[in-house]
Amino acid sequence: MVVGGLTNEVDTIVVGSGPGGYVAAIRAAQLGQKVVIVEKQYIGGVCLNVGCIPSKALIHIGHEYAKTKHPQPFGLTVSDSQLDFTKAQDWKNNEVVSKLTTGIKTLLKKNKVTIIEGEAHFVAKDTLFVTPKDGLGEGYRFKNAILAVGSRPIELKAFQFNDDILDSTGLLNLSAIPKELAVIGGGYVGMELAMAYANLGSHVTVLEGQDSILNGFEKDLIKPVLEEAKKLNMTILTNAKASRYEKDDKGLHLFYQVGDKEEELVADKIAVLVGRRPNTDQMSIELSGIDLDEKGLIPVNEQMQTNQEHIYAIGDITAGPALAHKASYEAKVAAEAISGVEGVAADYLVIPTVAYTQPEIATVGLTKAQAEEKGISPKVATFRFASNGRALSMDEPEGFVRLISNKETNQLIGAQLVGPGVSELIGEVTLAIENLLTAEDITLTIHNHPSLSETIMDASEILLGHGIHQ
Ligand SMILES: Cc1cc2nc3c(=O)[nH]c(=O)nc-3n(C[C@H](O)[C@H](O)[C@H](O)COP(=O)(O)OP(=O)(O)OC[C@H]3O[C@@H](n4cnc5c(N)ncnc54)[C@H](O)[C@@H]3O)c2cc1C
């Protein structure tokens with residue numbers, strides 16, 4: 001039962017205001033619903049406050065700083081460049097993050113979404129109770145709910161978070177650049193932040209338990225990143241399992257296992273970036289009647305509906321890649337389904353995945369192996385940035401664009417890119433795959449010269465057997 005406050009009647013309640021929640025709230029409001037959104041910590045969720053956006057800001061600062069630290073091949077040397085890290089953090093927080101989160105609040109208000117600050121938990125299948133930071137809470141009996149409560153960092157037993165042992169939020173918000181930084185976990189979040197701090201001047205050691213960093217990406221995409229890591233003087237240890245640490249006046253002694261040998265390194269800060277867990281264990285979800293799987297994720301159908309048909313779940317609390325754009329896409333599906341839009345169904349064929357490493361990696365659709373597994377005969381074309389005028393003029397010739405098409409139809413079905421600007425280039429291929437375009441459609445499209453995007457046209461020409469530049 002609801003204790004201590006009123007119970008309000010609402011049509012649609014959205015819990016969580018990350019890229020899942022705020023997008024769901026706005027789309028549902030656009031479709032004529034009266035919407036209430038509940039947020040316990042920060043409008044914009046992980047992505048805007050402590051994820052995608054601040055990490056990209058820090059990566060950018062690292063790139064700009066590093067350029068001044070190394071003589072450039074075209075004769076530029078900068079002497080004695082300084083980075084005021086307090087100012088850098090202020091810029092990230094006030095000029096980037098705050099501007100965007102304020103923008104989200106304005107958008108919610110413009111769409112007449114009611115914002116409630118507080119933590120929601122279920123008290124019945126149709127009622128959430130919201131506890132504000134101070135004051136009495138209130139109940140909300142709802143017709144429909146969209147859960148978008150996201151995820152939080154996984155903590156390792158031997159490395160409990162504190163001022164020395166950091167999660168991604170702690171690592172993003174350091175007040176000084178550590179001399180020696182150890183990063184446990186070589187996934188995309190680990191490698192992005194490890195490389196950012198290497199550019200900022202830290203000596204960084206990455207410990208990865210598996211046999212490769214950036215697992216999930218094909219080996220040839222990872223190679224240029226490893227080469228760059230070497231140039232940045234980073235230490236990458238694979239098959240290395242961090243087991244414990246001790247602190248003394250020399251610093252943090254991190255012990256790790258390689259096979260049956262125990263090794264040790266000393267760091268000023270240790271970041272634990274080993275993954276995230278869904279926040280479905282913090283809202284008395286058992287009282288909602290919703291099923292959870294063994295990982296705490298919520299099974300949903302293609303309208304994002306849970307086994308309780310008036311409750312929808314989206315974003316990091318559902319299966320699939322934990323990515324902001326996946327959350328926002330699911331948000332629109334759920335909001336439209338609730339609003340009675342006919343024929344809405346999630347289709348995951350083209351979710352681009354990007355690691356903002358150095359160089360960047362971007363993939364979408366099928367790999368050659370995945371195409372073969374599906375019984376499709378793939379055709380593969382690779383075009384190197386070393387043959388692209390724009391890449392050379394930017395002094396970034398490393399990497400390649402690989403396109404995969406269906407041999408019989410020439411339809412594009414996948415792409416794997418590594419190199420300059422690939423986080424932007426992947427958009428063109430994503431559009432092509434989503435719209436069932438063929439290699440001819442790309443080659444018949446005039447691409448501006450010189451541009452990195454010409455690599456997509458060049459690779460498409462190779463797919464058709466008449467490449468001009470390679
Ligand atoms: C360092 C880092 C970098 C990343 N970089 C990228 C990237 O470059 N690209 C990308 O696509 N993804 C990136 N991600 C992942 C991305 O941030 C997530 O996939 C995305 O934020 C998930 O969105 P969501 O809406 O599901 O949840 P979240 O963004 O996690 O938002 C959930 C919100 O719900 C609130 N909440 C939770 N429980 C309750 C409750 N009971 N009551 C009220 N409110 C509640 C939380 O406070 C939070 O604000 C990154 C993540 C991290 C940590």
Side-chain angles (χ1 to χ4, degrees), residues 13-25 36-60 97 101 104 115-123 128-133 137 140 145-154 166-173 183 185 187-194 196 271-285 288 297-298 304 312-332 334 351-357 360-362 423 426:
I13 189 163
V14 178
V15 187
S17 71
Y22 85 77
V23 170
V36 167
I37 191 166
V38 188
E39 171 56 54
K40 72 170 178 186
Q41 199 172 5
Y42 26 47
I43 296 284
V46 167
C47 184
L48 252 59
N49 291 278
V50 291
C52 327
I53 299 299
S55 63
K56 264 76 263 178
L58 209 61
I59 289 167
H60 176 73
V97 171
T101 54
I104 301 300
I115 303 173
I116 299 169
E117 289 180 41
E119 181 160 4
H121 60 90
F122 280 100
V123 288
L128 282 153
F129 191 78
V130 180
T131 316
K133 277 207 183 89
Y140 292 84
I146 301 178
L147 305 184
V149 293
S151 59
R152 63 183 186 277
I154 291 176
L166 310 170
D167 62 7
S168 51
T169 304
L171 186 56
L172 283 167
N173 290 323
V183 173
Y188 86 88
V189 172
M191 283 307 296
E192 284 184 12
L193 293 179
V272 181
L273 306 175
V274 293
R276 302 179 64 81
R277 57 181 295 190
N279 289 330
T280 46
D281 57 340
Q282 298 182 326
M283 55 181 322
S284 313
I285 208 149
S288 69
L297 297 171
I298 303 179
M304 313 312 299
Y312 292 65
I314 57 173
D316 282 8
I317 54 171
T318 63
L323 293 170
H325 42 288
K326 178 225 175 221
S328 301
Y329 172 74
E330 292 177 341
K332 290 176 243 177
I351 306 180
T353 302
V354 174
Y356 294 80
T357 44
E360 295 173 343
I361 299 177
S423 58
I426 199 70

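Here the structure is a predicted model, which means the values were calculated and not measured. Every number for a ligand or one of its atoms is a count from 1 in the order of the listing. Any value given below was found using the heavy atoms of this structure, including those in side chains, with hydrogens, waters and symmetry copies removed. Sequential numbering from 1 along the given sequence is applied to the chain's residues.
Ligand 1 lies less than 4.0 angstrom from a heavy atom belonging to G118.
Annotation for ligand 1: atoms under 4.0 Å from non-hydrogen atoms of G18 are 25 (O), 29 (O), 31 (O). Ligand-side atoms of ligand 1 in range of C47: 17 (O), 21 (O), 29 (O), range being under 4.0 angstrom from any heavy atom. Heavy-atom proximity to A148, at under 4.0 Å, picks out these atoms of ligand 1: 32 (C), 33 (C), 34 (O). The G45 neighbourhood of ligand 1 comprises atoms 29 (O), 31 (O), 48 (C), 49 (O), with distances under 4.0 Å to a heavy atom of that residue. Ligand 1 places these atoms under 4.0 Å from at least one heavy atom of A120: 40 (C), 41 (N), 42 (N), 43 (C). Residue R276 has at least one heavy-atom neighbour below 4.0 Å for each of these atoms of ligand 1: 53 (C). Those atoms of ligand 1 with a heavy atom of G150 less than 4.0 angstrom away are 26 (O), 27 (O), 28 (P), 30 (O), 32 (C). When each atom of ligand 1 is checked for a heavy atom of E119 under 4.0 Å away, the hits are 41 (N), 42 (N).
Taking 4.5 Å as the limit, every side-chain heavy atom of Y140 sits out of range of all side-chain heavy atoms of V15. Between L147 and M283, the closest side-chain pair of non-hydrogen atoms falls below 4.5 Å. Side-chain contact check for E192 versus I59: some heavy-atom pair is nearer than 4.5 Å. Side-chain contact between L172 and S55 is present, with heavy atoms from C-beta onward closer than 4.5 Å. With contacts defined as side-chain heavy-atom distances shorter than 4.5 Å, the pair T131/H121 qualifies.
With a heavy-atom cut-off of 4.0 Å, V15 touches ligand 1 through its side chain alone. Counting heavy atoms under 4.0 Å from ligand 1, residue V46 touches it through both backbone and side chain. The proximity of A331 to ligand 1, defined as any non-hydrogen pair under 4.0 Å, does not occur for either the backbone or the side chain.
Considering I154, V189, D167 as possible partners of V274, the one that fulfils the side-chain contact (heavy atoms from CB on, under 4.5 Å) test is I154.
In this view, H60 and E64, W91 satisfy the side chain to side chain contact (heavy atoms under 4.5 Å, CB included) rule, not counting sequence neighbours. Take A194 and apply the side chain to side chain contact (heavy atoms under 4.5 Å, CB included) test, not counting sequence neighbours, and it matches V183, V204, V206, M234.
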